[in-house]
Amino acid sequence: MANIESVLQETRVFPPSAAFQAQANVSGMASHQALTARAAADYEGFWADMARAGISWKKDFSKILDESNAPFYKWFYDGELNVSYNCLDRHLPEKADKTALIFEADDGAVRRVTYQALYNQVCAFANGLKSRGVQKGDRVIIYMPMGVEAVVAMQACARIGAIHSVVFGGFSAKSLHERIRDAGARLVVTADGSIRGGKMLPLKSAVDAAIALGDCECVEAVVVYRRSGDDTAWNAARDIWWHDLVNGMAQTCEPEWVNAEHPLFILYTSGSTGHPKGVQHSSGGYLLGAILSMQWVFDARPDTDVFWCTADVGWITGHSYVVYGPLALGMTEVIFEGVPTYPDAGRFWKMIQDHQVTTFYTAPTAIRSLIKLGSDLPRQYDLSSLRLLGTVGEPINPEAWMWYYEAVGQSRCPIADTWWQTETGSHMIAPLPGAVATKPGSCTLPLPGIMADVVDEHGGSVPLGQGGYLVIKRPFPSLLRSLWGDPERFRKTYFPAELGGKTYLAGDSAHRDADGYYWIMGRIDDVLNVSGHRLGTMEIESALAANPRVAEAAVVGKPHDIKGEAVVAFVVLKGARASGDEAKKIVAELRDWVGKEIGPIAKPDEIRFGDNLPKTRSGKIMRRLLRAIARGEEITQDVSTLENPAILEQLKEAVR
Ligand code: PRX
């Protein structure tokens, strides 16, 4: 496990206003502490109460937590439910005509979908999936633009017990291929293309290219939603238009009642090897996490809130806080197809004004880029509907936090900085905004029932003020259940023997201040966080090494003002080291290559060429040294063992 760095001290504290506290679901620290104490006193009873209060069960559970096969934990494991029933059917008696989704397209067109209409569409699509032979437990890949149909496709899978695996539309055909194969998908749902920032991006052609890469016999059908209107190559034996599939389908569909442990979805995320991990979530425990965090952290008021989480459904944030959490609570939510900077950097603020958004949740990278493009812009819009702001995905620097608080929240709205992961399914450490005073840059305190800690390499708690590994000591309902097809990797990655085999190792370092507040310091593994997206350095290295020009590559991160982290690649070419215009040409070529191998989000920001990479005697790449070089820091390490110290000089030069 890697070493731990320290962070700056922040002293500003923002207690909840009396007005916010008075109306909050969890009001005041005493209520927070009472929940936490309840969880500590009767852990299983606490979660069982929450699960009965939040979820409509078809068959109530009598078993709560099974730890007999740790770390393969089970929750509520003789209960039966359907997640889509919880998100749709149960609201219909009272809320059939309530708006579920306010969809704003890239070009500004707005479409409202009521709970009844959403139910009808989900049922019709679920029947369509069934007509193509999709059954409970089958895997369905969803590679769609952000929009109503992406939500419908996911909910329809949940309805029939099929396991969806959403692949973010920005991933390449190659990445898609890897995920289709790993999941063994029976069906792929896509669109002809997506429209973002006024530009059309093809999607269906990437699906065709992915399948053409081979070994995708598992895929029996590709369903294509018409969005961009682009011409699309067509394989009549396999492809079917969405509108043809649902045409004539019944608009009711009995939910498939599944066991609480039935996998709801797989979502691939980066780890420290070249291959992404298929994080597998349960139905009952996952849904509970989404519901509780909506109530606690987003202080949900289903009857009056307009909730907007800007994440794409391709990420866990879009799963929990677009597709499942808000709908499970019967809320009205905004979903947005486009980008924050189109047609201009006021887009988010205009949308908050137009749709009277009360609760807004976005990523620090978006906040930082919008500050840069117009720090006064929010003041030109009426943002008085807002009552709560949230952030997620990466540490937020105190300057960006303060701007968000003052310029967007008008010093009136609490900010929930939410720490969690694809693996945890829902918020883990975050303020309950009517109770916890916030500090810019800290995600504050664990949610009730989340037994977080900061430990040393033997698993012992470290004193306040000292850095260590962020862990969660007891299993909790929304925790991932396994890695798809690789339970051993699941065990080794998240429950290392050094920590006793039962403690969840998050992969982040953190420290707690004198008040016990958590401050996330960064990853302890070779995972980068670029614009809130998780990227494995090994994945980018393997992509580069697959290029015929490249002999060897090493990738590290360096701090970046807007993206949080930037990708720096050190590359050894086959043949002579490139320089001048030749080097520029190769850099452009390699960036494109990575874009095609993984996706545009993984393109290196900087590429540096050397005759070799710095290695230890045993041949290990000295990554710490590379990180120092990338940051332009003084090299303080002993480099006397390097075969060719002159390469350090070469690697200091970025090709511009
Ligand atoms: O390093 C932490 C960072 O993002 C990682 C999880 O990434 P992912 O699984 O893609 O999920 C992102 C959305 C939940 C974490 O290990 N991270 C996430 N939220 C925060 C954060 N770092 C600091 N503060 C946060 N609020």
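Note that these values count all heavy atoms, side chains included, but never hydrogens, waters or copies made by symmetry. Whatever order the structure lists them in is the order used to number ligands and atoms, beginning at 1.
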Determine whether any heavy atom of P395 lies closer than 4.0 Å to an atom of ligand 1. yes

Per-atom filter on ligand 1: closer than 4.0 angstrom to a heavy atom of N529 are 3 (C), 4 (O)

Any nitrogen or oxygen of R523, side chain or backbone, less than 3.5 Å from one on ligand 1? yes

Can you tell me which portion of Q421 lies within the under-4.0 Å heavy-atom range of ligand 1? Options are side chain, backbone, both, or neither. both

Nearest protein heavy atom to atom 15 (C) of ligand 1, by residue and atom, and its distance? D508 OD2, 3.2 Å

Applying the side-chain contact (heavy atoms from CB on, under 4.5 Å) test to V83, which of L287, I55, V323 qualifies? L287

Indicate whether any N or O donor in one side chain lies under 3.5 Å from an N or O acceptor in the other, for D526 and S272. no

Give me the nearest non-hydrogen protein atom to atom 9 (O) of ligand 1 as residue plus atom name, then the distance to 0.1 Å. T422 OG1, 2.5 Å

Closest approach of any protein heavy atom to atom 6 (C) of ligand 1, naming residue and atom: W420 O, 3.8 Å

I520 and ligand 1 - part of the residue with a heavy-atom distance under 4.0 Å: side chain

Taking atom 19 (N) of ligand 1 as the reference point, the nearest protein heavy atom with its distance: G393 N, 3.1 Å

Given that the side chain starts at C-beta and the backbone is N, CA, C, O, which of these parts of T418 lies under 4.0 Å from ligand 1, counting heavy atoms, or is it both or neither? backbone

Check: I163 main-chain N/O paired with R139 side-chain donor or acceptor under 3.5 Å: no

Step by step, would you call R523 with E565 a salt bridge (Lys or Arg N to Asp or Glu O under 4.0 Å)? CA-CA 12 Å; R523 298 284 309 187; E565 252 183 317; over 6 Å; no

Intermediate values then yes/no, salt bridge (Lys or Arg N to Asp or Glu O under 4.0 Å), R623 and E541: CA-CA 13 Å; R623 284 171 191 283; E541 286 167 9; 2.8 Å; yes

Looking only at protein heavy atoms, what sits closest to atom 10 (O) of ligand 1 is R534 CD, 3.3 Å

With respect to T317, determine whether any N or O atom, backbone or side chain, lies less than 3.5 Å from an N or O atom of ligand 1. no

N or O pair under 3.5 Å between T269 and ligand 1: no

In terms of atom number and element, which parts of ligand 1 are under 4.0 angstrom from non-hydrogen atoms of V392? 13 (C), 14 (C)

Aromatic plane relationship, Y504 with F476 - under 30° parallel, 30 to 60° tilted, over 60° perpendicular: perpendicular

Residues in side-chain contact (heavy atoms from CB on, under 4.5 Å) contact with S482, at least two apart in sequence or another chain: F72, Q280, P487, F490

Aromatic rings F307 and Y361: how do their planes relate, parallel, tilted or perpendicular, breaks at 30° and 60°? tilted

On the 0 to 90° scale, with breaks at 30° and 60°, tag the Y321-F298 ring pair as parallel, tilted or perpendicular. perpendicular

